[in-house]
> 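Okay, here's the structure, questions in a sec.
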Amino acid sequence: MDRIKVKIINESGNALPAYETPSSAGMDVRAFTKEPIVVKPMQRVLVPTGLRVQLPQGYEMQIRPRSGLALRHGITLANTPGTVDADYRGEIGIIVINLSDQPFVINDGDRICQMVITQYSHVSWEQVERIDETVRGDGAFGHTGVE
């Protein structure tokens, strides 16, 4: 596993994003709010984090839901995974949506999502008239059955 240094500004006073276990891929991110945020059923809200980062060139930050919030409370992210590019310097905001039938309260310091920092590649397209055949071919959604 690679280790990289990432510059971060934490305006929240909350703990920095952190891995909960040694094998975790994602770091938990905490909400930064002066007052509780009530997310009504089927409502989207932008939750501030107080975090600004400087990612190395060639890296991105993916923002992903926390599975426990999704399963127990119907709380997920509207644009998952969200992408933070290496040249973005603003505060990281999390677009939370409540898919349950009950209001959900987000308090300052609550773990609301996880972030994964990963390398990416830029594509250089090569336009052709034909691409290689495979066993799957053009089989799309559900082509292998439900088993």
Side-chain angles (χ1 to χ4, degrees), residues 1-34 36-37 39 41-100 104-128 130-147:
M1 134 181 39
D2 292 335
R3 295 198 181 270
I4 62 168
K5 287 202 181 268
V6 175
K7 294 179 180 179
I8 187 167
I9 295 172
N10 182 1
E11 299 169 337
S12 74
N14 292 321
L16 288 175
Y19 300 104
E20 289 297 313
T21 67
S23 294
S24 294
M27 294 177 270
D28 288 342
V29 177
R30 297 176 183 275
F32 174 47
T33 178
K34 293 181 183 3
I37 298 172
V39 189
M42 299 309 295
Q43 182 184 27
R44 296 177 309 277
V45 297
L46 183 63
V47 179
T49 64
L51 302 175
R52 297 171 190 270
V53 299
Q54 180 179 326
L55 295 170
Q57 201 61 22
Y59 285 82
E60 67 160 329
M61 177 187 297
Q62 295 179 5
I63 304 297
R64 302 177 181 178
R66 295 189 68 232
S67 57
L69 286 178
L71 177 63
R72 289 191 285 280
H73 303 287
I75 300 301
T76 191
L77 306 183
N79 64 326
T80 185
T83 297
V84 178
D85 295 309
D87 58 353
Y88 178 68
R89 294 296 185 267
E91 180 181 4
I92 296 168
I94 311 302
I95 306 170
V96 172
I97 187 167
N98 182 352
L99 299 178
S100 79
F104 183 79
V105 178
I106 299 172
N107 294 295
D108 185 54
D110 284 353
R111 295 178 298 160
I112 55 167
C113 69
Q114 56 183 329
M115 69 167 58
V116 174
I117 297 176
T118 186
Q119 285 184 290
Y120 62 86
S121 300
H122 272 187
V123 171
S124 177
W125 295 108
E126 177 183 354
Q127 192 165 341
V128 298
R130 184 179 161 287
I131 55 177
D132 296 342
E133 296 290 326
T134 66
V135 172
R136 179 176 180 174
D138 62 0
F141 301 101
H143 81 282
T144 60
V146 292
E147 296 174 20

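Computed from a prediction, not measured in an experiment: that's the story for all the values here.
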> If we check side-chain contact (heavy atoms from CB on, under 4.5 Å) with M61, which of these qualifies: I92, V116, T118, D85?
I92
> Closest approach of I63 and T80, non-hydrogen atoms and distance?
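Shortest heavy-atom separation between I63 and T80 comes out as O-OG1, 4.0 Å.
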> Does R89, at its CZ atom, have more than 12 non-hydrogen atoms belonging to other residues, nucleotides or ligands within less than 6.0 Å?
yes
> Without swapping roles, check the side chain of N14 against the backbone of R30 for a donor-acceptor pair under 3.5 Å.
no
> Would you compute the distance between atom CZ of R44 and atom CG of L99 and round it to the nearest 0.5 angstrom?
11.0 Å
> Looking only at non-hydrogen atoms, find the nearest pair between F32 and E91 and report the distance.
CD2-OE2, 4.4 Å
> Is there a donor-acceptor contact under 3.5 Å from the side chain of R136 to the main chain of E133?
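A pair under 3.5 Å: no.
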> In a check of side-chain contact (heavy atoms from CB on, under 4.5 Å) between I37 and each of V105, L46, I106, which one passes?
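Result: among V105, L46, I106, I106 is the only option passing the side-chain contact (heavy atoms from CB on, under 4.5 Å) with I37.
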> Which one of M115, E60, Q62 satisfies the side-chain contact (heavy atoms from CB on, under 4.5 Å) criterion with P81?
Q62
> Mark yes or no for whether D108, through its side chain, and T33, through its backbone, hold a donor-acceptor pair below 3.5 Å.
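Yes, D108 side chain to T33 backbone: donor-acceptor pair under 3.5 Å.
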> Given side chains that start at C-beta, do those of I95 and L77 come closer than 4.5 Å, heavy atoms only?
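I95 does not reach L77 side chain to side chain.
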> Please report the interatomic distance CG(D87) to CD(Q57), rounded to the nearest 0.5 Å.
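Between D87 CG and Q57 CD, I get 7.0 Å after rounding to 0.5 Å.
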> Out of N10, I9, I117, V6, which one pairs with V53 under the side-chain contact (heavy atoms from CB on, under 4.5 Å) rule?
V6
> Can you tell me how far apart OH (Y120) and CG (L55) are? Round to the nearest 0.5 Å.
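Rounded to the nearest 0.5 Å, the OH-CG separation comes out at 9.0 Å.
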> For Q54 and I8, indicate whether the former's side chain and the latter's backbone hold a donor-acceptor pair under 3.5 Å.
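No, the answer is negative, given that no donor and acceptor are paired below the 3.5 Å cut-off.
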> Mark yes or no for whether Q114, through its side chain, and R66, through its backbone, hold a donor-acceptor pair below 3.5 Å.
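Not at all, since once roles are kept as given, no pair shorter than 3.5 Å links the two residues.
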> Could you tell me which non-hydrogen atom of P17 sits nearest to which non-hydrogen atom of L51, and how far apart they are?
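Closest approach of P17 to L51, heavy atoms only: CG-CD1, 3.5 Å.
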> Show the nearest heavy-atom pair for residues P41 and S100, with the distance to one decimal.
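Result for this residue pair: CB-O, 3.2 Å.
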> Atom CG of N107 and atom CD1 of I112: how far apart are they, to the nearest 0.5 Å?
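Atom-to-atom, N107:CG and I112:CD1 are 11.5 Å apart.
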> Do V96 and F104 have side chains that approach each other closer than 4.5 Å (heavy atoms only, starting at C-beta)?
no
> Please report the interatomic distance CG(D110) to CG(L69), rounded to the nearest 0.5 Å.
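So the gap between those two atoms works out to 8.5 Å.
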> Which value, rounded to the nearest 0.5 Å, describes the distance between S67 atom OG and R72 atom CZ?
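Between atom OG of S67 and atom CZ of R72 there are 7.5 Å.
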> Between T134 and G137, what is the shortest heavy-atom contact and its length?
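Smallest interatomic distance, heavy atoms only, reads OG1-N, 3.0 Å.
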